Asker: 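Got a structure for you, questions after.
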Number of protein chains: 2
Amino acid sequence: MNLKSQVEWALHCCALLAGLPAGRYLSTKTLAEFHGLPKEYLSKALQGLSQAGIVESTLGPSGGYRLAKAAADVSFLDIVEAVEGKSRTFICNEIRRNNPCLSADYCETKPCPIARVMWEADAAWRETLRRVSLSDLAASLGEDVPAELLDKSFTWLLARS
Amino acid sequence: MNLKSQVEWALHCCALLAGLPAGRYLSTKTLAEFHGLPKEYLSKALQGLSQAGIVESTLGPSGGYRLAKAAADVSFLDIVEAVEGKSRTFICNEIRRNNPCLSADYCETKPCPIARVMWEADAAWRETLRRVSLSDLAASLGEDVPAELLDKSFTWLLARS
């Protein structure tokens, strides 16, 4: 079970958008070039972010994307779900109902105990992603990435915004 | 991102095997019939459990599968990983290395902060699955499934074991 590569791309793009000054946008072309990604496929991930209300776009020569909310209000979960959808990773097909010993009128009152455990694990995964926002990520990047490289990167990006 | 249906099948089969008396085996045919599953596909899931050392098989007319360990020593995670593999759900492709502002001699010292969060969530998912064993599941089933249905089911299964 693997997440799509677009999850990684969307998270990296949002990390950059979180660092943009007000009123500036980054185009799909610039985001693709900065990350070395195919523009057409990245475009689909960005549309997913837009449909989820995480980014907003503008047209025109300096058009592109910017965050639609404060970085503190966008979680990893928001971004992951914008690309992968919100449905649980475990689908219960209720195979317990195929038990040949079940009487015709037997009715389950609770979800299957196996599904309950699998859904609890899914909830733990989502909860971890919900707790980390784009501002938390910006703080980690500020610690990890040398200031000089951050400066150079945003100078490069802003020249194209 | 969805888990394979075989994860559900493997968990249900292990739940039954955990209730078998010592020295008894259930065949792929019986397990498939009880759960209303296609025998050929179920067979692959059972082979995965066998390769992971969770079940062991015997040949012959009353052959089939039984647990290779005590039910308390088999976790949901063991079973999920036997079917899905152990690799993390988020693969970091290190797209940060494509940054056009990086100097040729720049060397990352830590994993990407984005991957760290995604891996933390993966670990939370696995930890939840690691904490629940087949004996815990048997206890839940004992609470949920009426005693009469459990008896009838095991009578049906033991007649075919």
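Remember, it's a predicted structure, so these values are computed and weren't measured experimentally. Residue numbering restarts at 1 for every chain, and letters A, B, ... go by the order of the sequence lines.
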Asker: So which part of Leu137(B) gets closer than 4.5 Å to some heavy atom of chain A, the side chain, the backbone, both or neither?
Answerer: side chain
Asker: Which heavy atom of Asp144(A) sits nearest to which heavy atom of Tyr106(B), and what is that distance?
Answerer: O-OH, 4.4 Å
Asker: Please determine whether the number of non-hydrogen atoms from other residues, nucleotides or ligands lying under 6.0 Å from atom NZ of Lys29(B) exceeds 12.
Answerer: no
Asker: Write down the atom of Glu8(A), the atom of Glu94(B), and the distance for their closest heavy-atom approach.
Answerer: OE2-N, 3.4 Å
Asker: With rounding to the nearest 0.5 Å, note down the distance linking CG in Leu11(A) to SG in Cys92(B).
Answerer: 10.5 Å
Asker: Using ring-ring contact (aromatic ring centres under 6.0 Å, His included) as the criterion, list what pairs up with Phe34(A), not counting sequence neighbours.
Answerer: Trp156(A)
Asker: Could you work out, with side-chain hydrogen bond (donor to acceptor under 3.5 Å, both in side chains) as the rule, every residue matching Asp151(A), not counting sequence neighbours?
Answerer: none
Asker: Can you tell me how far CE of Met1(B) sits from CE of Met1(A), rounded to the nearest 0.5 angstrom?
Answerer: 4.0 Å
Asker: Return the OG to CD1 distance between Ser140(B) and Ile114(A), rounded to the nearest 0.5 Å.
Answerer: 9.5 Å
Asker: Hey, mind stepping through Met118(B) and Leu3(A) against side chain to side chain contact (heavy atoms under 4.5 Å, CB included) and telling me if it holds?
Answerer: CA-CA 10 Å; Met118(B) 296 304 294; Leu3(A) 290 158; 3.6 Å; yes
Asker: If I measure from the heavy atoms of chain A, does Arg116(B) come under 4.5 Å with its side chain, its backbone, both, or neither?
Answerer: side chain
Asker: Using non-hydrogen atoms and a 4.5 Å limit, figure out which bit of Lys152(B) sits close to chain A: side chain, backbone, both or neither.
Answerer: both
Asker: Tell me which of these, Val145(B), Leu141(B), Leu102(B), Asn98(B), has more heavy-atom pairs under 4.5 Å with chain A than the rest.
Answerer: Asn98(B)
Asker: State, to 0.1 Å, how close Ser153(B) and Asn99(A) come at their nearest heavy-atom pair, and which atoms those are.
Answerer: OG-ND2, 3.0 Å
Asker: Need one label for Glu148(B): side chain, backbone, both or neither, based on atoms under 4.5 Å from any heavy atom in chain A.
Answerer: neither
Asker: Among Ala124(A), Ala15(A), Pro146(A), Pro113(A), who wins on heavy-atom pairs under 4.5 Å with chain B?
Answerer: Pro113(A)
Asker: With sequence neighbours left out, which residue pairs that include part of residues 6-27 of chain B fulfil the ring-ring contact (aromatic ring centres under 6.0 Å, His included) condition?
Answerer: His12(B)-His35(B)
Asker: Would Tyr41(B) end up clustered with Leu26(B) when hydrophobic side chains under 4.5 Å apart are linked, directly or stepwise?
Answerer: yes
Asker: Most heavy-atom pairs under 4.5 angstrom with chain A, which of Arg126(B), Glu108(B), Glu120(B)?
Answerer: Glu120(B)
Asker: May I ask you to check whether over 12 heavy atoms, not counting those of Lys44(A), lie within 6.0 Å of atom NZ?
Answerer: no
Asker: Same hydrophobic cluster for Phe154(B) and Val55(B), using side-chain heavy-atom links shorter than 4.5 Å among ILVMFWY?
Answerer: yes
Asker: Select, from Leu37(B), Ile95(B), Thr128(B), the one with the greatest count of heavy-atom pairs under 4.5 Å involving chain A.
Answerer: Ile95(B)
Asker: Quick one: closest heavy-atom pair of Cys101(B) and Leu149(A), and the distance?
Answerer: O-CD1, 3.8 Å
Asker: With a 4.5 angstrom heavy-atom cut-off, could you sort out which part of Cys112(A) is near chain B: side chain, backbone, both or neither?
Answerer: side chain
Asker: So which atom in Asn93(B) and which in Ser5(A) form the shortest heavy-atom distance, rounded to 0.1 Å?
Answerer: ND2-OG, 4.0 Å
Asker: So which bits of residues 71-82 of chain B come within less than 4.5 Å of chain A, counting non-hydrogen atoms only?
Answerer: Phe76(B), Val80(B)
